Amino acid sequence: MTLERLWAGWRTGYIESVTTTPPSDDCLFCELARAERDVALLIVGNRHAYAVLNAYPYTSGHLMVVPVRHEAELDGLDPDEATALMAMTQQATAAVRSAYRPEGINVGINMGRAAGAGVPGHLHVHVLPRWSSDTNFMTSVAEARVLPEPLSKTCDRLRAAWPT
């Protein structure tokens, strides 16, 4: 049996547009941590972590859970930060499940550019709903994702479904 490979080259532009290890002053995730809590893509936040929509989602409902402190490595978090990150990841999966009723959920961390991190200098956990039919010819042939709702609707759905 031969393993087939389908390339999603459309992601290269985004991945290459992010610097290798941004200083914390220029870091997208650090800027979001300092932003007002009603910023358009921010779902919820606390002292150690926050959840934000992925601006380049694989599916509707794709969000990221991010530690507030600028840290690239999972083992660089202190115990309180790690606990808060995991607790918020659990809340994110509950919100995604409630809002989207997916067949499955991907939860993952890409540490470093070689692992696929789009922002390699600031750790973040991806949480995204999945369905058996969410991969189709549009991604592989047309180099495009078809998302059934705008990010503003996704944000509203996830905020409403967030466990209190």
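Everything quoted here is computed from the prediction, not taken from an experiment. When reading the values below, keep in mind they use all heavy atoms of this one structure, side chains included, and skip hydrogens, waters and symmetry mates.
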Could you tell me if the side chain of Pro57 sits less than 4.5 Å from the side chain of Leu151, heavy atoms only? yes
For residues Asn54 and Leu63, determine if any side-chain heavy atom of one lies less than 4.5 Å from a side-chain heavy atom of the other. no
What's the spacing between Ile109 CD1 and His126 NE2 if we round to 0.5 Å? 9.5 Å
Heavy-atom check, side chain of Val96 versus side chain of Leu128, under 4.5 Å: no
Do Val125 and Met64 come close enough that some side-chain heavy atom pair is under 4.5 Å? no
Report the C-alpha separation of Arg157 and Tyr100 in whole Å, then their side-chain angles, then the decisive distance to 0.1 Å, and conclude whether the side chain to side chain contact (heavy atoms under 4.5 Å, CB included) test is met. CA-CA 9 Å; Arg157 286 177 75 171; Tyr100 288 93; 3.4 Å; yes
Measure the shortest side-chain to side-chain distance between Thr154 and Glu149 over non-hydrogen atoms and say whether it is less than 4.5 angstrom. yes
Determine the interplanar angle of the His70 and His122 rings, folded into 0 to 90°, and report it as parallel if under 30°, tilted if 30 to 60°, perpendicular if over 60°. perpendicular
Can you name the side-chain hydrogen bond (donor to acceptor under 3.5 Å, both in side chains) partners of Gln90, sequence neighbours left out? none
Would you call Asn46 and Met88 a side-chain contact if the rule is heavy atoms closer than 4.5 Å? yes
N/O donor-acceptor pair under 3.5 Å between Ser98 side chain and Ala161 backbone: no
Identify the heavy atoms of Trp131 and Ser60 that sit nearest to each other, and give their distance. CH2-O, 4.3 Å
Please find the pair of heavy atoms, one from Pro163 and one from Ala94, that lie closest to each other, and give the distance. CG-CB, 4.0 Å
Should the ring pair His124 and Phe29 be called parallel, tilted or perpendicular, given that the plane angle runs from 0 to 90° and is split at 30 and 60? tilted
Could you tell me which residues satisfy salt bridge (Lys or Arg N to Asp or Glu O under 4.0 Å) with Arg69, sequence neighbours excluded, listed by chain and number? Glu71, Glu81
For the student: nearest non-hydrogen atoms of Ala95 and Trp162, plus distance: CB-CE3, 3.6 Å
Note: Val119 and Cys27 closest approach over all heavy atoms is CG1-SG, 4.5 Å
From Thr83 atom OG1 to Leu77 atom CG, the distance as rounded to the nearest 0.5 Å: 9.5 Å
Taking the side chain as every heavy atom from C-beta outward, state whether Tyr50 and Val68 have any atom pair closer than 4.5 Å. yes
Do Leu123 and Met86 belong together in a cluster built from hydrophobic side chains that touch within less than 4.5 Å? no
A side-chain contact here means heavy atoms from C-beta on lying under 4.5 Å apart; do Ile105 and Val127 qualify? yes
For Asn106, which residues count as a side-chain hydrogen bond (donor to acceptor under 3.5 Å, both in side chains) partner, sequence neighbours excluded? Arg130
